[in-house]
A.B. asks: 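Just dropping this structure here.
In what follows, every heavy atom counts, from backbone to side chain, and hydrogens, waters and symmetry copies are set aside. Numbering of residues begins at 1 and proceeds along the displayed sequence.
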Amino acid sequence: VEGAPSLNEGKTNFRSRSPFNVGVNNDGRREEENDGWYKILDPKDILDRIDFLAKSFPHLATLTNAQDVYGLPTAGDESDCPYDHFDDVTTGCRNWILTIEDTRAHPPGSESSMNLPEVFLSGALHGDERVGPTTVVEAAHLLLEAAACEALPRGMPPPPDADDGARAEWESDLAAAQSCRGELAQRGVTELHRRWLARLVTTRRIVIVPTANAQGYFKHKRAEVGIDPNRDFPYDLQDPKLCMQTLAGRTINEIFRQHLFQLSITFHGGMEAIAYEWGAPSYLDKWSPDDEAQAQIASAYSRWGGGWKHHKSYQTGTMNDVVYYVRGGMEDWAYAGSFDPELVIPCEPDTYGGYPKEKTIYDDSTLRIFNMLVETSDQKTPQKIDLGTNEEPFIADAEGNGHISRNIRLSLLAIDFVQPYVSIVGANGVAIRDDIVPLTPRGGRSCLRTKTVMIPPGRNDTLIEWTVGGALTVDYTTVLFARWEDVPDIVDGESQYDPDHLGLAFQFAPAMSGTTQWHENGPQPPPSEAVSSSPVTQGGDSTLGPIFRTMIDTSEFRPGEAIAVIAVANVDKSWAEQPDNVAPQMPPQSHVVNARTNPEWRHVQAESGKVIQGRKDWYSIPLTLVVGPEEADESTPPALITLQQGAFEMSNRHRMQTQGEWKDFHMTYGGGTENSQRLKVVGQTDGGGNTLIAVVSVCILSAVGFFALIYYKRRQRLRRGMRISQSDDDEVHGSGDVGSYAEGGIDSNPGEEGMELPKFSID
C-alpha cells in the first residue's frame with residue numbers, strides 16, 4: 001500500500017508471542033500469568049502499558065498528557081507519581097491521554113479525519129475506584145493488537161514482475177498474519193471478532209484517559225488534593241468558585257473542547273449499575289429529551305456485560321433514580337452543557353493559580369454527549385477472583401466473566417454504537433473477507449481493487465448478502481446496483497453521501513428490516529442463515545450481526561462490465577421518540593441520536609473543525625461485480641469453472657500462497673472507454689506447472705448501433721422490479737414499479753405505501 005509503514009515497524013508485535021495477559025514488564029510489555037486472571041494495574045503499570053502501546057502501534061495510537069498539550073500544572077508534590085518525573089517534570093502527577101485512530105486511513109486534517117465519530121473513555125475520576133483504569137487499558141490493548149494483525153498482509157499480492165525482495169516481504173506478511181491470528185484465536189478472538197475490532201479502530205477516534213484523577217489514583221484516595229472531581233463541573237451549581245478546581249476536571253474540559261464526542265463512559269465503583277440523565281437536582285422526577293435512546297443503550301450495555309455467581313447483570317436507569325443526584329456532575333455537564341445554558345455557570349476557581357473563565361463558556365456543539373455512568377462493582381477494589389479472565393472476551397456468560405471482562409465489552413460496545421455501518425459480506429455464496437482494513441487508504445474508489453467478485457453472465461438471481469452494525473434496530477435496508485461507469489463521482493468508497501446526489505442509474509431491491517446482535521431479540525435475520533461461506537468460516541457464519549440477503553438481476557450486464565453494488569440502511573428511528581414529562585421541553589438534543597435520525601443536524605466544533613453531519617441513510621463500501629466470460633470448456637481454468645457455478649472473489653488478499661510460478665490474470669472492464677479500469681488477480685501454479693488461473697482477456701467489440709440499443713434497453717429496465725424467492729413457497733414475487741433510487745431516496749417507513757416486505761429467508 002502506498003505510504004504504508006515499513007515492514008520493520010512494530011514487527012515484534014506480530015511475530016512474537018503476544019497473548020492478552022495482564023501486567024507489563026520493565027519494557028512496557030505484558031508479563032504472562034499462568035492463571036489468566038486480570039489484576040488491577042498500579043499507576044506505573046498503566047503508564048508503562050500505554051507508553052508501550054503508543055510506541056508499538058505508532059500509526060494507530062498516540063500518547064500525550066494534559067501538561068504538554070494544554071499547559072496544565074501537575075497535581076501533588078515531589079512525593080507523588082515519581083514515575084512521571086522526567087522531561088523536566090519533578091513534582092506531581094501528569095494526566096495521560098491515549099488516542100486511538102488510524103492516521104494512515106485518515107491523515108490528520110483530512111476530510112475523513114474531521115468526520116470520524118468520537119468516543120471518550122474515563123477510567124477514574126475517583127482515585128479509590130480501581131476497576132475503570134485497568135478496563136480501559138486492556139480494552140485499548142485488545143483493539144490495537146487486533147487492528148494491527150488485521151492490517152496484515154498489506155495491500156494486494158505483488159505483481160508477477162515483482163523482485164525477490166517484494167515477494168519476500170509479502171511472504172513475511174503472510175506468515176506474520178497467520179501467527180498473530182492464531183495467537184488471537186487462542187484467546188477467543190475469532191476471525192469475525194478480529195475484523196470487528198479492526199473496524200472499530202480504523203473508523204472511529206477513541207480518546208482514553210485511564211486516570212483523570214492521577215494523584216488520587218496514586219494515593220488510592222477518592223479526591224484530588226481534597227476536592228471531589230465529580231462535583232467539579234459547571235452544571236447545576238451556584239458558586240463559580242466551586243468548579244474546575246481540579247486538574248481532573250480541567251483535563252476533561254480541555255479534551256472535550258477539542259472534540260465532538262457522541263458517546264462516553266465514565267467508570268466508577270461502589271455499586272453495580274449503569275445510569276444516565278438526569279442526575280441533577282433541578283430535574284428530579286423528569287426525563288431527559290433523549291431518554292428513549294439512553295434507556296435502550298444502557299440496556300444493551302447491561303445485556304452484553306452479563307453477570308456471574310453473586311453478581312447480576314447491571315441494573316439500569318437514571319442517576320436520580322438508581323444512584324443519587326449531584327451538583328457539578330460530569331455526566332449531566334457533558335450531556336447538556338451546550339443546549340441547557342441556564343444551568344451552566346462559568347467557572348472562576350482559585351486553585352492551581354486559577355483557570356480562564358472563557359474555557360467554561362461553551363458553544364452550541366461541544367457538550368451533547370451520552371456520558372453514561374458505570375458503577376462497576378460494589379467493592380471499589382474487588383477481589384482478583386471477581387475481575388475475570390482474558391479468555392473468551394466476547395461471551396457474556398463465560399466462566400471467566402468478571403468486573404474487568406464485562407466492562408471491556410461495555411467499552412467496545414460504546415465504540416461500536418457511536419456510528420451505524422453497513423457491510424456487504426457475500427455474493428453468490430462466496431464470503432467476502434475484507435471490507436475495512438486498517439492502515440489502508442480507502443479513497444479514490446480503491447474498493448474497485450479491494451472488494452471485487454466475478455460472477456457468471458446472464459444471471460437474474462445474483463445473491464447479495466450484507467449486515468448492519470453500530471445500531472440496535474434496522475428499520476429499513478436494501479441493495480442498490482448500477483454500472484460503475486454510470487455511478488456519479490460522489491461514490492468514492494470512503495464517504496457517506498446524500499441520496500439525492502446518486503443520480504438515476506441505480507436500481508434497488510425490495511426493503512427489509514431486522515435487528516442487530518445488540519438488540520434484546522438478537523440478530524434478525526440470524527447470521528446462521530448466511531449462504532456465503534469461506535475456508536476461514538468453514539461454512540459457518542459470515543458475520544456477527546444480522547444477515548440480510550436478496551437476489552438482483554444482473555442478466556442485462558455484458559461480460560467484462562463492472563457493477564457497483566451498495567447496501568444501505570436506516571436505523572434506530574425509535575431513538576427520536578420521547579416519553580411524557582421531558583425536561584427541558586425540546587426534541588432530542590444529543591449528537592448520537594440526531595446523527596442517525598435527523599439529516600438537518602450539522603455541528604462543527606469551533607476549535608478543532610471536527611464535524612457531525614446527521615443522516616438517515618448509511619451506505620456500505622461498494623462491492624464490484626465483474627461479469628465473467630460466456631462459456632467454460634476443457635481449457636477453462638478451475639477458478640473460472642467455479643465461476644460458472646456461482647462466483648469467484650478476485651480481491652482476496654489472503655488467497656495467494658508463495659509456491660510455484662506467479663501468473664497474471666487480467667480483466668479489462670468498462671466497455672473499453674477512456675475511463676476503463678483494470679483489475680489484476682495474481683494466480684499461482686502448482687509444483688507440476690499446471691495452471692490454476694490463466695491469463696484471460698475479455699474485450700467487448702460492438703458497433704455503435706449495438707451500444708445504443710443496449711443503452712436504451714438498460715434505461716428501460718431501470719424501472720423494473722427485482723425478484724426474490726420467498727422461503728415458504730416457490731412463488732416468485734416482483735417488487736412492482738421500483739423506480740430510480742434518486743427519485744425519492746429511501747422510504748424510511750417501508751410497507752406504508754403498500755410495498756410488500758420480503759421475508760428474511762431466501763431460497
A.B. asks: Report the relative orientation of the aromatic rings in Y235 and W278; use parallel for angles under 30°, tilted for 30 to 60°, perpendicular for over 60°.
C.D. replies: parallel

A.B. asks: So D363 and S365, side-chain hydrogen bond (donor to acceptor under 3.5 Å, both in side chains) or not? Walk me through it.
C.D. replies: CA-CA 6 Å; D363 61 19; S365 301; 4.6 Å; no

A.B. asks: Is it the case that R409 places NZ or CZ above or below the six-membered ring of Y301, under 6.0 angstrom from the centre and within 45 degrees of the axis?
C.D. replies: no

A.B. asks: Kindly check if the number of other-residue, nucleotide or ligand heavy atoms within 6.0 Å of CH2 (W287) is above 12?
C.D. replies: no

A.B. asks: Assess whether a salt bridge exists between E607 and K359, defined as any Lys/Arg side-chain N lying under 4.0 Å from an Asp/Glu carboxylate O.
C.D. replies: no

A.B. asks: Sort and list the pairs that fulfil salt bridge (Lys or Arg N to Asp or Glu O under 4.0 Å) and have at least one residue in residues 324-346, not counting sequence neighbours.
C.D. replies: D236-R327

A.B. asks: Give a yes-or-no answer on whether the side chains of H591 and R368 include a donor-acceptor pair shorter than 3.5 Å.
C.D. replies: no

A.B. asks: Verify the neighbour count for atom CG of N581: are there more than 12 heavy atoms of other residues, nucleotides or ligands below 6.0 Å?
C.D. replies: yes

A.B. asks: For the residue pair Q613 and P599, what are the closest heavy atoms and their distance?
C.D. replies: NE2-O, 3.1 Å

A.B. asks: Can you confirm whether the side chains of W196 and D416 place a donor and an acceptor under 3.5 Å from each other?
C.D. replies: yes

A.B. asks: Within the 3.5 Å criterion, strictly below it, is a donor on S423 or D435 matched to an acceptor on the partner's side chain?
C.D. replies: yes

A.B. asks: Check the pair D290 / Y335 against side-chain hydrogen bond (donor to acceptor under 3.5 Å, both in side chains), numbers first and verdict last.
C.D. replies: CA-CA 10 Å; D290 293 272; Y335 169 61; 2.5 Å; yes

A.B. asks: Any chance the side chains of D42 and Y83 put a donor and an acceptor closer than 3.5 Å?
C.D. replies: no

A.B. asks: Check for a donor-acceptor pair, side chain of E375 on one end and backbone N or O of I274 on the other, with a separation under 3.5 Å.
C.D. replies: no

A.B. asks: Would you mind checking if E101 and R205 are paired as a salt bridge, meaning a charged N to carboxylate O distance below 4.0 Å?
C.D. replies: yes

A.B. asks: Ion pair present between K221 and D128, side-chain N to carboxylate O less than 4.0 angstrom?
C.D. replies: no

A.B. asks: Indicate whether the side chain of N570 and that of D617 have a donor and an acceptor atom separated by less than 3.5 Å.
C.D. replies: yes

A.B. asks: Go through the steps for E272 and R406 under the test salt bridge (charged side-chain N to carboxylate O under 4.0 Å, His left out), then give the verdict.
C.D. replies: CA-CA 12 Å; E272 298 183 13; R406 69 173 170 183; 3.1 Å; yes

A.B. asks: Are the side chain of E118 and the backbone N or O of L260 linked by a donor-acceptor pair below 3.5 Å?
C.D. replies: yes

A.B. asks: If a pair satisfies disulfide bond (SG atoms under 2.5 Å apart) and one of its residues is in residues 199-236, list it, with sequence neighbours excluded.
C.D. replies: none

A.B. asks: Given side chains that start at C-beta, do those of F417 and L472 come closer than 4.5 Å, heavy atoms only?
C.D. replies: yes

A.B. asks: Output, in order, the C-alpha distance, side-chain angles, deciding distance and verdict of side-chain hydrogen bond (donor to acceptor under 3.5 Å, both in side chains) for Q67 and T74.
C.D. replies: CA-CA 7 Å; Q67 285 64 40; T74 57; over 6 Å; no

A.B. asks: Is I50 close to W96 at the side-chain level, that is, under 4.5 Å between some pair of heavy atoms?
C.D. replies: yes

A.B. asks: Quick one: do the S112 and H106 side chains pair a donor with an acceptor below 3.5 Å?
C.D. replies: yes

A.B. asks: Kindly determine whether L412 and L197 satisfy side-chain contact (heavy atoms from CB on, under 4.5 Å), including the steps that lead there.
C.D. replies: CA-CA 8 Å; L412 299 178; L197 293 171; 3.9 Å; yes

A.B. asks: Main chain of A124, side chain of N213: is a donor-acceptor contact present, judged purely on distance under 3.5 Å?
C.D. replies: no

A.B. asks: Does the side chain of Q296 come under 3.5 Å of the side chain of S574 through a donor N or O and an acceptor N or O?
C.D. replies: yes

A.B. asks: Evaluate side-chain contact (heavy atoms from CB on, under 4.5 Å) for V209 paired with L121, printing each intermediate quantity in order.
C.D. replies: CA-CA 6 Å; V209 178; L121 301 177; over 6 Å; no

A.B. asks: Please determine whether the number of non-hydrogen atoms from other residues, nucleotides or ligands lying under 6.0 Å from atom OH of Y497 exceeds 12.
C.D. replies: yes

A.B. asks: Okay, side chain of D572, backbone of T473: is any donor-acceptor separation there less than 3.5 Å?
C.D. replies: yes

A.B. asks: Is there a donor-acceptor contact under 3.5 Å linking the side chains of T366 and Q605?
C.D. replies: yes

A.B. asks: Do T99 and I206 come close enough that some side-chain heavy atom pair is under 4.5 Å?
C.D. replies: no

A.B. asks: How close do D232 and L242 get, counting heavy atoms only, and between which atoms?
C.D. replies: OD1-O, 3.9 Å

A.B. asks: May I ask you to decide if G127's main-chain N or O and E129's side chain share a donor-acceptor pair within less than 3.5 Å?
C.D. replies: no

A.B. asks: Quick one: are W575 and E577 in side-chain contact, heavy atoms under 4.5 Å?
C.D. replies: no

A.B. asks: Give the C-alpha distance, both sets of side-chain angles, the deciding distance and a yes or no for side-chain contact (heavy atoms from CB on, under 4.5 Å) between K286 and V582.
C.D. replies: CA-CA 6 Å; K286 301 289 185 181; V582 164; over 6 Å; no

A.B. asks: Indicate yes or no for a side-chain donor-acceptor contact from S608 to the backbone of Q258 under 3.5 Å, with no hydrogens or angles considered.
C.D. replies: yes

A.B. asks: Which residue in the set P210, S122, P133, S411 passes side chain to side chain contact (heavy atoms under 4.5 Å, CB included) when paired with F267?
C.D. replies: S411

A.B. asks: Write down the atom of T202, the atom of A105, and the distance for their closest heavy-atom approach.
C.D. replies: OG1-CB, 3.8 Å

A.B. asks: On the 0 to 90° scale, with breaks at 30° and 60°, tag the F261-F120 ring pair as parallel, tilted or perpendicular.
C.D. replies: tilted

A.B. asks: Would a 4.5 Å heavy-atom cut-off, applied to side chains only, mark I97 and I208 as touching?
C.D. replies: no

A.B. asks: Got a donor-acceptor contact below 3.5 angstrom from the S56 side chain to the F52 backbone?
C.D. replies: yes

A.B. asks: Sub-3.5 Å donor-acceptor pair from the side chain of Q215 to the main-chain atoms of V225, do we have one?
C.D. replies: yes

A.B. asks: Identify the two heavy atoms, one from P234 and one from C347, that lie closest to each other, and give their separation to 0.1 Å.
C.D. replies: CB-SG, 3.4 Å

A.B. asks: Is the backbone N or O of G249 less than 3.5 Å from a side-chain atom of N253, with the two atoms forming a donor-acceptor pair by type?
C.D. replies: no

A.B. asks: Can you run down the disulfide bond (SG atoms under 2.5 Å apart) pairs that involve residues 43-107, sequence neighbours left out, and say none if there aren't any?
C.D. replies: C81-C93

A.B. asks: Using a 4.5 Å cut-off on heavy atoms from C-beta on, say whether the side chain of R130 contacts that of H220.
C.D. replies: yes

A.B. asks: Contact between T318 and E277 at the side-chain level, heavy atoms closer than 4.5 Å - yes or no?
C.D. replies: no

A.B. asks: Does E254 form a side-chain hydrogen bond (donor to acceptor under 3.5 Å, both in side chains) with Y355? I'd like the steps, not just the answer.
C.D. replies: CA-CA 11 Å; E254 295 285 353; Y355 188 62; 2.8 Å; yes

A.B. asks: Taking all non-hydrogen atoms of both residues into account, name the closest pair between K573 and T597 and its distance.
C.D. replies: CA-CG2, 4.2 Å

A.B. asks: Quick one: does S113's side chain have a donor or acceptor within less than 3.5 Å of a partner on S110's backbone?
C.D. replies: no

A.B. asks: Establish, from distance only, whether the side-chain atoms of W333 and N371 form a donor-acceptor pair under 3.5 Å.
C.D. replies: no

A.B. asks: Assign the ring pair H268 / H126 to parallel, tilted or perpendicular, where the plane angle (0 to 90°) is split at 30° and 60°.
C.D. replies: perpendicular

A.B. asks: Run the numbers on I408 and I404 for side-chain contact (heavy atoms from CB on, under 4.5 Å), then give the verdict.
C.D. replies: CA-CA 6 Å; I408 289 174; I404 290 176; 3.9 Å; yes

A.B. asks: If we only count heavy atoms from C-beta on, is the I415 to L143 side-chain gap below 4.5 Å?
C.D. replies: yes

A.B. asks: State plainly whether the residues D45 and R49 are in salt-bridge range, i.e. N to O under 4.0 Å.
C.D. replies: no

